[in-house]
Amino acid sequence: MEIQTKQNDTCVTLTLSGRFDASVAGSIKETISELIDRDNIHYVIDLSDVSYMDSGGLGSLVASLRRVREREGDIKLSAPNCNVRKVFELTRTHRIFEFYDNSTLAAQSFQSA
Amino acid sequence: MKIDYSTNEAVTIAVIHGRLDGTAPALLRKELPLQLQKTPCLVLDCTALEYMDSGGLGALLACLRIAVGNKGDIRLAAINAKVKMLMELTRADKVFQIYTTVADAVTSYTNQGSRP
Amino acid sequence: MEQLELKIPATLEQAQLGAIAAANIAAAYYRIVTGQDPGKDNAFINAVELAVGEACTNSVKHCCSQCPEECRLTVCFELEDRKLMVMIKDCNAPFPFDQAPVPDFEAVPESGYGLYLIEQTMDEVHYLHQDGQNILTLIKTIKDGKAKCSQ
Amino acid sequence: MKALIVIREKDSGWLRDFFPAIHPAITPICNKPLLEYHMDFALLSGCTAVRIVMDEGGNSIEEYFQQGERWGVAISYGISNPDDSIDTLIEKNGAFCADTPLLIMDGFFFVHYDKAGDLRAPSFPADSGLLSSCSSGSVLFAANADCLHNISDSSLEADFALSSLTSLDDIFGISMQILQAEQDHYVLPGYGVEQNVLLGQNVTIEKNTKIIPPVIIGDNVRLHGNTVIGPDVVIGSDVIVDNGTRIERSVIHTDSYVGRDLFVNNRIVHGKRIISPADGEILDISDGYLCSSMDMYSGSLFRRTVNSVSALLIFVVQLLPYFLLGGLRKLQGSWQVEEQSVLLGNRGESLTIPILFNRGDTIADKLFAVLALEKFPLLHLVIKGKMQLVGNRPLSETPAHQKLLADFPDYLPGVFTYAEGEEMEEGGLDEEIIERYHAANRSFRHDCGILLKILFSNGFTRKTAQ
């Protein structure tokens, strides 16, 4: 799985593509925590290109969200496919994330906030 | 399930507590007829009867037959909505006389005498 | 339908292989049984992929031996008219399958969703520990052609 | 134009107490899920794409509607948070809502419309505004996403109405309204067989079953004998209604089994659960026993009393000849009787009964057989209500028979048997078929016919076994 990072003044956009499962979950969590240490607190994670996510991948997102929320930041997600949505729904974690049609819309929401 | 009995003149009032399902119906089939032998006219106070399944209803019908056999009757009082639905579903409400309060059920014996 | 068996080294990267294989085998069986192309987001295939992926990840995570590469995880697939059965066998210590707690959703835990997801996506899940092996059996039935959700 | 359908748990969650296994948005209204009516409405209004936004359980909806192939419209899905306003939802679903007129259905309600009427664009004026609303939601029209912010509360005229869904009675009431008066307003699955009756595929209707319109029945439904369905009944798909049950003014959901000799009136049946929509009372039928008739109560009181009275009658008629001819046969030594324990039902109760053999060829033996006097010792069992006067051939108490009875719930042993009525020799396959057929279609008239046939028409041809 690849990660592209793009930063603008209000938030960092991470675009993931491929299979977001337990084997890569650890590295994602580290990437985000490094960014947090460099005082980036608002994130948009674009899932449009993620074909599969398991509880490992989900766990890393939940952990990162908890860390970011401690610094009054937020993580917004965009365009999860049916497969990925199902994992959020079944684990009821869809209630703690905000979902947007695409990453630009999610980024804009940080501006107006 | 637990039943306590009290009798005034010719009518026995049986207060039934808990649930009439599982093994309770067999208990009822043994216990109630003994009471019916003494006084065939019986009022079943169902205020504390939470739930009854069809096994329980079957047992009640068996006891009814014994009561009617001895020129008596079993009249139900204060049944809750679930029991009422079960009885309507199985048309058992056409077989039993059902009263809203125990008092009505008891007085129904005094003026009507036994089963109409 | 005879059994298809897959032996995977017990590492996280290889566990991913289990999930991908499961998805493709499920797709193949789906075509055989319904005679139709499963299409993009097929509920049956997605469910099998997720459940087998979780099961493989769990068993790899709890792999007992110090050198996981030697330790092997077996995944076998079997189709019985419309029921796909997937058995995941490993040599780990037995685990209390039926006391596995349902996640406390209010607390939003960061892990422990695996077994719950398996049970939610599969029609039947059975676990037994036999002659030194954990055997987790996942069963999913291929519904009629349109893979409609059963009300 | 595109449609944005918003389903919020806070408006619809109350339904989960009644139907825990399904998402409230696909609760059946009449014989179709609620959301499918919304879909038809969006299509009729000229929408080419639909987005369903939910804050709970979206996945089961997605599995049902998938990408909308069945409706020829592009359906997509969004996840919302419970307290998202319409503006936030428009922002979150920005790509979908960008530069297109929007029909927004936010809330939990039923849209009353007539598919014959033309709901297309002309009825949607240029500016945005409220089209229709009710206590539990509203339908808005926005010429484009950004003019939504100043949605004027000017209510635009619209030729459809909303009714709120806040109680089970609302849902039951609308189902009845559609069933009785508005069947042609909506696209309802099923084939119009006769006035006000819609049938699905593979519907089996057995002997003397009555259907009183208006009735709607789904696919793979089996109505056993002697059932009365209607008026005002909706039956979903994959439903079995067992013998002698009467259903009136009720909705039976898909995958339900309604037991025998029951009276379902003003109820919603959902699997093993019976609900009274008026007061929301729920009765869970935990034991399969209720789903089949109770033996103590099998058949009406009326039928059991007639049973014992006619047994008494035959008893009196046979009394004298039985002792006379019986005595004679004992003298001649052709009297042979055996005790046999027979099964009474599939719950394992059994009863020992005397079996008299029609042996010997003297006048007494033959007369004994012709008058069916071997039945005499069994008649008191009928009077006591332990056996039927006319029923199945009593099966001896053997494990094989016990197993046979497991899938023969209608078995009720009788003194006079169906097999005799049809002059079947014992133990044949067709004898079993006859026994099962008659048991399934048992009715009072039917039993009398068999009885008379046994006693009179083939009485004279009864031979004595040599």
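Numbered from 1 within each chain, the chains take letters A, B, ... in sequence-line order. Hydrogens, waters and symmetry mates are skipped; everything else that's a heavy atom, side chains included, is used.
Interface remark: C/Ala15 contributes no atoms to any contact with chain A (heavy atom separation under 4.5 Å). Proximity to chain A is limited to the side chain of C/Thr57, based on heavy atoms less than 4.5 angstrom apart. Residue C/Phe105 touches chain A through both its backbone and its side chain, counting heavy-atom pairs closer than 4.5 Å.
With rounding to the nearest 0.5 angstrom, the CG atom of C/Asn46 is 11.0 Å from the CZ atom of A/Arg85. Separation of atoms CG (A/Leu58) and OH (C/Tyr113) is listed at 6.0 Å; rounding is to 0.5 Å. With rounding to the nearest 0.5 angstrom, the OH atom of A/Tyr52 is 5.0 Å from the CG atom of C/Leu50. In this structure, A/Ser55 OG and C/Glu110 CD are separated by 12.5 Å, a value rounded to the nearest 0.5 Å. Rounding to the nearest 0.5 Å places CD of C/Gln120 at 6.0 Å from CG of A/Leu90.
Listed options C/Glu13, C/Gln14, C/Lys61, C/Glu54 were ranked by heavy-atom pairs under 4.5 angstrom with chain A; first place goes to C/Glu54. Looking only at heavy-atom pairs under 4.5 Å with chain C, the residue among A/Thr93, A/Asp54, A/Asp21, A/Asn83 that has the most is A/Asn83.
Within a 6.0 Å radius of NZ in C/Lys89, more than 12 heavy atoms belonging to other residues, nucleotides or ligands are found.
No donor-acceptor distance shorter than 3.5 angstrom exists from the side chain of C/Gln16 to the backbone of A/Ser23, with no hydrogens or angles considered. Between the A/Arg66 side chain and the C/Val108 main chain, a donor and an acceptor come within less than 3.5 Å of each other.
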